[in-house]
Amino acid sequence: MTDNITGWLFVSPAVLLIFIFGLFPIGYAFYMSLHTWRIRQGAFLCDAEAGDLILYVRSCLKHYETVVLGDWGGAALFVVGLVSLLVAYLVWTRLFGSRSETPFALLRIGAGLVIMAVAFALISEGYNTMISALPKRDQGFLNGLQITLYYAFGAIPLQLILGLLLAYVLFHRVKAKSVFRTIFFLPYVTPTVAAAVVFGTVFSGRATSPMNQLMSSFGWDVQRWLAEPKPFLNVVFGWDLQGFLAGPSMALVCVIIQGVWTYTGYNAVIFMAGLGNIPADLYEAARVDGASEWHLFRYITLPLLSPVTFYLSILGFIGTFTAFNTLFVMRSPATQGTLDTSALVIFDTFREQNRWAEATAQAIILMLLVLAMTQIQRSLFEKRVFYG
């Protein structure tokens, strides 16, 4: 008993800090979302005269339905679609265990593809149902989620791949590693606002901007870059894609390039630290057995770096879903909202429109999505991580 009390006394400062700066703000935000709250606290939304428990809960979560998600049925379809994607992955990888005979492999892949198609159909139907149920003014958050997904899936894979290749080359083939490590780490410690201003100048839509001058030197047309709200694929290839398949706008691609520039060096430094922990005798033994450079990279480096890759991917997704500074500086009215990620929409709802309760409801939904994405990543990749 005494030991328990002593232990709690030692950890109580940390528990207190976590509660004050971690849990309390989340709880208070949820409390705000259950009220009408425009600068000052207003009425509690829960209807005590609701006919049953479901109607009572719906009245309490009014902002979540009427401002953020639009329709609970659509939200349920969207969630079921996400879960179906996870099921498709499990079917693809685990159905029939480790049996590799052709009929079982074809059946496993076919079942996975069918479930994946159903999952995308459910996600699309759920998203369209939700956004069509919202008034134009409140569609920004869901549109922001779509833009956030473009930003995350456009930036993170490139950051990881380039960071890994850079680290591998520097670690094995380059002298003065500490100098290069410092150089490549500089973008990460550069103030984000300053970097955003510089990239805003480089990718300016003016004909005299550095990128347009470079394009002109190769005989290519002048582009609007950060002032171009049209989809990147449509601008570059002259296509006429619409909706989700059209992909990110050209303005968002410029922001993705800036994100890759910022975080590739950071990832390379972390990867180099991971490379330093791989025993050199593993490479020597593999070379004695006739392994090529590709075999060393594929069967030694990649598996032993998987904990680092997993860690960086988790941090990357959390960072892109909550990104704010760079996008806030680089967006302009010319982008027509194609740079407004969910975090920016929450800020606008809170700061520009003074709709505090609705903003906190959006923030709670975004937090739940980040937690869900993190859990999905853990479910998909944690068992593939090799801890030695």
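Given the structure is predicted, the values throughout are model-derived calculations rather than measurements.
Residues Phe271 and Leu312 meet the side-chain proximity criterion, which asks for heavy atoms closer than 4.5 Å. Between Val189 and Leu186, some side-chain heavy-atom pair lies under the 4.5 Å cut-off. Looking only at side-chain heavy atoms (C-beta outward), Phe141 and Glu358 stay at 4.5 Å or farther from each other. Taking the side chain as every heavy atom from C-beta outward, Leu77 and Leu122 approach each other to under 4.5 Å. Between Lys230 and Met250, every side-chain heavy-atom pair lies at or beyond the 4.5 Å cut-off. When side chains are defined from C-beta on, Phe180 does not count as touching Leu166, because their heavy atoms never get closer than 4.5 Å.
Taking the six-membered ring where the residue is Trp, Phe203 and Trp225 present perpendicular rings, their angle passing 60° and hence far from 30°. Note: Trp356 and Phe350 have tilted aromatic rings, judged against thresholds of 30 and 60 degrees for the angle between ring planes. Under the 30°/60° scheme for interplanar angles, the aromatic rings of Phe185 and Tyr188 are found to be tilted. Using bins of under 30°, 30° to 60° and over 60° for the plane-to-plane angle, the ring pair Phe24/Tyr28 lands in the parallel bin.
The distance from atom NZ of Lys62 to atom CG of Leu34, rounded to the nearest 0.5 Å, is 13.0 Å. Atoms CZ and CG, on Arg58 and Asp47 in that order, are 12.5 Å from each other to the nearest 0.5 Å. Between the OH atom of Tyr89 and the CD1 atom of Ile115 there is a distance of 14.0 Å, given to the nearest 0.5 Å. Here Leu164 contributes atom CG and Leu160 contributes atom CG; the two are 8.5 Å apart, rounded to the nearest 0.5 Å. For the atom pair OH of Tyr151 and OG of Ser342, the computed distance is 13.0 Å after rounding to the nearest 0.5 Å. Atom CD1 in Ile300 sits 12.0 Å away from atom CG in Leu275 (nearest 0.5 Å).
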Inset, instruction - Walk me through it: do Phe153 and Phe317 pass the test ring pair (Phe, Tyr, Trp, His ring centres under 6.0 Å)? - result: CA-CA 9 Å; Phe153 285 98; Phe317 268 99; 5.3 Å; yes
Inset, instruction - Go through Gln362 and Thr349 one step at a time and tell me if the side chain to side chain donor-acceptor pair (under 3.5 Å) criterion holds. - result: CA-CA 9 Å; Gln362 293 170 343; Thr349 306; 3.1 Å; yes
Inset, instruction - In sequence, state the C-alpha distance, the side-chain angles, and the governing distance for Leu85 and Ile123, and then conclude on side chain to side chain contact (heavy atoms under 4.5 Å, CB included). - result: CA-CA 10 Å; Leu85 277 180; Ile123 291 173; 3.8 Å; yes
Inset, instruction - Show the numbers, then the answer: is there a side chain to side chain contact (heavy atoms under 4.5 Å, CB included) between Trp92 and Leu113? - result: CA-CA 8 Å; Trp92 190 302; Leu113 289 174; 3.5 Å; yes
Inset, instruction - Please lay out, stage by stage, how Glu293 and Arg287 fare under the test salt bridge (Lys or Arg N to Asp or Glu O under 4.0 Å). - result: CA-CA 9 Å; Glu293 286 296 320; Arg287 287 193 181 95; 3.8 Å; yes
Legend entry - Trace of the side chain to side chain contact (heavy atoms under 4.5 Å, CB included) decision for Thr335 with Met330: CA-CA 9 Å; Thr335 58; Met330 297 178 81; over 6 Å; no
Inset, instruction - Apply side chain to side chain contact (heavy atoms under 4.5 Å, CB included) to the pair Val57 and Ile54, showing each step before the final yes or no. - result: CA-CA 5 Å; Val57 173; Ile54 294 178; 6.0 Å; no
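Around atom CD of Glu352, more than 12 heavy atoms belonging to other residues, nucleotides or ligands sit under 6.0 Å away. For Phe120, the CZ atom counts as loosely surrounded, since its 6.0 Å shell holds 12 or fewer non-hydrogen atoms of other residues, nucleotides or ligands. More than 12 heavy-atom neighbours from other residues, nucleotides or ligands sit within 6.0 angstrom of CZ on Phe44. Taking a 6.0 Å sphere around CD1 of Ile20, one finds it holds more than 12 heavy atoms contributed by other residues, nucleotides or ligands. At most 12 non-hydrogen atoms from other residues, nucleotides or ligands lie less than 6.0 angstrom from OH of Tyr263.
A donor-acceptor pair is defined here as one N or O able to donate and one able to accept, closer than 3.5 Å; such a pair exists between the side chain of Gln139 and the backbone of Ile131. Judged by distance alone, the side chain of Asp52 and the main-chain N or O of Leu55 form a donor-acceptor pair under 3.5 Å. Counting only distance, with no hydrogens or angles, the side chain of Thr322 and the backbone of Ile318 share a donor-acceptor pair below 3.5 Å. Using modelled atom types, no side-chain atom of Asn325 and backbone atom of Thr192 make a donor-acceptor pair closer than 3.5 Å. Ser209 contributes a side-chain N or O that, together with a main-chain N or O of Ser204, makes up a donor-acceptor pair within less than 3.5 Å. Judged by distance alone, with hydrogens and angles left aside, the side-chain atoms of Ser124 form no donor-acceptor pair with the main-chain N or O of Ala121 at under 3.5 Å. Using a distance-only test at 3.5 Å, with no hydrogens or angles considered, a donor-acceptor pair links the side chain of Ser217 to the main chain of Leu214.
Residues Ala323 and Ala343 share a closest heavy-atom pair of O-CB, 3.5 Å. Here the closest non-hydrogen pair linking Val253 and Pro248 is CG2-CG, 4.0 Å. Nearest heavy atom pair, residue Pro303 against residue Arg298, reads CD-O, 3.3 Å. For Ser249 against Pro229, the heavy-atom pair with the smallest separation is CB-O, 3.3 Å. A pairwise comparison of heavy atoms in Leu134 and Val67 identifies CD2-O, 3.6 Å as the closest pair. For the residue pair Leu305 and Gly274, the shortest heavy atom distance occurs at CD2-C, 3.6 Å.
Cluster annotation: Ile18 is not connected to Leu9 through the hydrophobic network of ILVMFWY side chains, with a link wherever side-chain heavy atoms come within less than 4.5 Å. Hydrophobic clustering (ILVMFWY, side-chain heavy atoms < 4.5 Å, transitive): Val370 and Tyr311 are in one cluster. By the criterion of side-chain heavy atoms lying less than 4.5 angstrom apart, applied directly or through intervening Ile, Leu, Val, Met, Phe, Trp or Tyr residues, Tyr299 is not grouped with Leu302; the two fall into different hydrophobic clusters. Residues Leu61 and Trp37 are members of separate hydrophobic clusters, defined by side-chain heavy-atom contacts under 4.5 angstrom among Ile, Leu, Val, Met, Phe, Trp and Tyr. Leu368 and Leu142 end up in the same hydrophobic cluster when Ile, Leu, Val, Met, Phe, Trp and Tyr side chains are linked at under 4.5 Å.
With respect to Asp348 and Arg331, a salt bridge is recorded, a charged nitrogen being found less than 4.0 Å from a carboxylate O. A salt bridge links Asp138 to Arg355: at least one charged side-chain nitrogen sits closer than 4.0 Å to a carboxylate oxygen.
With sequence neighbours excluded, no residue satisfies salt bridge (Lys or Arg N to Asp or Glu O under 4.0 Å) with Arg224. Remark: Glu228 engages no residue in a salt bridge (Lys or Arg N to Asp or Glu O under 4.0 Å) (not counting sequence neighbours).
Between the side chains of Tyr64 and Ser33, at least one donor N or O sits under 3.5 Å from an acceptor N or O. Defined by atom type and a distance below 3.5 Å, a donor-acceptor pair is missing between the side-chain atoms of Tyr266 and Gln159. Between the side chains of Tyr31 and Thr360, no donor N or O sits under 3.5 Å from an acceptor N or O.
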